Protein chains: 2
Amino acid sequence: MPSSRTTTAKTRSKPADHRRGEKAGSARAPQPAKASSSEPASSRAERAAGRRQAIIDAALDEFISRGFTATRLDDVAKRAGVAKGTIYLHFKDKESMFEELIRTALVPLIGRLHAPPAIGGSVRDAIEGFARTFVQEVASTRRGEIVRLIVAEGPRFPSIADFYYREVVSRGLAAIRALIELGVARGEIKQKNLARFPQILVAPALIAVIWQSLFGRHAPLDATEMLGVHLDMIFGERRTA
Amino acid sequence: MPSSRTTTAKTRSKPADHRRGEKAGSARAPQPAKASSSEPASSRAERAAGRRQAIIDAALDEFISRGFTATRLDDVAKRAGVAKGTIYLHFKDKESMFEELIRTALVPLIGRLHAPPAIGGSVRDAIEGFARTFVQEVASTRRGEIVRLIVAEGPRFPSIADFYYREVVSRGLAAIRALIELGVARGEIKQKNLARFPQILVAPALIAVIWQSLFGRHAPLDATEMLGVHLDMIFGERRTA
DNA sequence: CAAATATGACTGACTGGTCAGTCATTGTCA
DNA sequence: TGACAATGACTGACCAGTCAGTCATATTTG
């Protein structure tokens with residue numbers, strides 16, 4: 001619905017290539033370096049990559065603080081230090097840019113979920129590790145806002161909601177469920193039914209993220225403490241206070 | 001004094017149509033707040049109230065499915081079966097209309113929170129009652145979407161977030177906290193620290209609402225079942241499986 | 001009680017500003 | 001120098017908010 005009016009495309013003489021953001025820089029060197037204050041030896045490709053990254057960062061900030069529709073690409077361009085036209089060298093349009101950003105922003109999260117499962121240690125330690133990682137990497141960073149952004153815009157971007165469900169939610173819940181079942185088998189967790197709703201285990205973590213976005217300035221919430229209490233409830237009181 | 005403003009264009013052709021009499025459209029709300037159903041013939045004031053209600057319903061639907069910025073007041077007017085100008089007879093502008101709608105939509109929720117506390121029955125029963133009410137009145141109605149809308153637009157409407165925190169969240173959590181403390185005192189709840197974070201108790205309920213909005217069509221979630229399991233975790237396994 | 005008059009709810013074309021997306025021009029590197 | 005990256009002025013759609021005009025209803029008058 002938003003801006004689908006490109007129908008009048010006149011198929012300009014330009015080669016129809018137009019690399020979409022999608023896979024463009026997949027083979028790039030693992031050293032984006034972001035906005036390089038100094039420009040030592042930058043090849044054209046490297047500078048292009050740097051600009052692309054600047055656009056991504058700027059756009060993410062704008063989308064987070066304004067939402068999809070209210071974000072102006074003029075502002076994104078200004079913040080990224082490029083002209084508006086440059087954005088269209090990297091992304092097809094506002095909508096696909098938004099979708100790609102959300103997808104990309106999630107990749108790091110997915111990686112963390114595949115952390116080594118607790119084979120040696122206790123299940124509680126494993127989950128505690130997840131919780132700590134979550135607080136550090138999500139709750140107290142921009143990524144937390146991205147989670148809120150998904151909640152906010154998901155219904156209007158079904159493809160994002162679907163992608164998110166497939167790539168993050170279903171996998172994450174499956175991993176958590178496996179851990180819960182292990183915990184039940186080992187006797188660490190009493191509630192057998194918990195494995196049926198792994199959502200219960202992650203719910204406080206998500207609430208913490210949303211809370212910070214909405215009420216954080218007014219009534220900060222100690223996410224680490226809260227998650228600790230929650231784990232005590234699942235596994236029983238901690239041995240040492 | 002005859003304004004000369006319209007002089008440029010000679011008196012336009014009359015608007016032709018002008019449906020009068022029955023308001024045909026979806027104007028009539030399924031739940032007339034006023035006693036408009038009693039009187040077949042509506043007075044001017046009554047019709048105005050009916051229109052106002054139609055606008056409110058239409059606007060809420062549009063805001064829910066599109067968000068604040070992407071909602072067009074032309075669409076709201078069309079859906080309500082009124083002209084756009086009519087909206088401005090009832091609301092100052094789009095923003096204050098949005099704020100008023102969100103506030104109004106919450107009033108019924110607040111009422112429920114002040115339900116009779118469990119003096120006679122068990123704390124678990126009281127909380128179970130809350131949960132049941134929540135599922136019936138929020139999770140499975142449009143109000144659930146309003147919760148999501150607040151999460152989505154809250155950061156851009158601090159006054160809404162503040163209002164919501166003051167009127168709903170802080171009061172609701174205080175009530176829950178009191179119940180938890182009662183439960184701890186009675187020995188129904190083991191985890192004493194739970195009272196420090198009443199958020200843990202309501203977290204799964206909110207997650208259920210958000211889940212339905214985002215993934216409901218793809219992977220429906222049995223909120224009642226989940227909340228039941230969660231309560232089992234807090235109070236201990238239910239007597240009868 | 002009916003006709004005349006006043007009221008104001010309602011309308012929708014219109015204005016002014018905004019912004020996504022384009023493309024002719026300019027700049028830069030290999 | 002040729003190819004391509006980058007620019008930013010420009011276009012046209014879009015939409016919040018306005019207001020002169022309309023007419024059903026309410027009120028007053030004869």
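The model shown is predicted, which means the values in this text are computed figures rather than measured ones.
At least one side-chain nitrogen or oxygen of A/T86 sits closer than 4.0 Å to the OP1 or OP2 atom of D/dT7.
Taking only side-chain atoms of A/R72, from C-beta outward, the nucleotide of C/dC19, C/dT11, D/dA6 with the closest atom is C/dC19. The listed nucleotides are D/dG17, D/dA6, C/dT11; the one nearest the side chain of A/H90 is D/dA6. Comparing C/dT11, C/dG21, D/dT7 against the side chain of A/R51 picks out D/dT7 as the nearest.
Residue B/T69 is out of contact with every strand shown, counting any heavy-atom pair closer than 4.0 Å. At a threshold of 4.0 angstrom between heavy atoms, the contacts of B/K94 are confined to the sugar-phosphate backbone, with no base atom among them. Among the heavy atoms of the strands lying under 4.0 Å from B/L73 are primed sugar atoms or P, OP1, OP2 only; no base atom is included.
The separation between A/K78 atom NZ and C/dA20 atom P is 13 Å, rounded to whole Å. Nucleotide D/dG8 holds its C1' atom 9 Å from the NZ atom of A/K84, rounded to whole Å. One atom, CG of A/L89, and another, P of C/dG21, lie 14 Å apart when rounded to the nearest Å. Rounded to an integer number of Å, the gap from A/E62 CD to C/dA20 C1' is 15 Å. Separating the CD atom of A/E95 from the P atom of C/dC19 is a distance of 18 Å, rounded to the nearest angstrom. Whole-Å rounding puts the B/K92 NZ to D/dA16 C1' distance at 12 Å. Atom pair A/D74:CG and C/dG21:C1' shows a separation of 10 Å (rounding to whole Å applied). One interatomic measurement links the two molecules: CE of A/M97 to P of C/dA20, which rounds to 10 Å at whole-angstrom precision.
With respect to B/R52 and B/E100, a salt bridge is recorded, a charged nitrogen being found less than 4.0 Å from a carboxylate O.
The distance between the ring centers of B/F68 and B/F157 falls below 6.0 angstrom.
The aromatic rings of B/F63 and B/F98 stand perpendicular to each other, their planes meeting at an angle above 60°, with 30° marking the opposite boundary.
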A/T69/B/R66 under side-chain hydrogen bond (donor to acceptor under 3.5 Å, both in side chains): CA gap, chis, key distance, verdict: CA-CA 10 Å; A/T69 309; B/R66 293 193 161 36; over 6 Å; no
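No side-chain N or O of A/S159 forms a donor-acceptor pair with one of A/D162 less than 3.5 Å apart.
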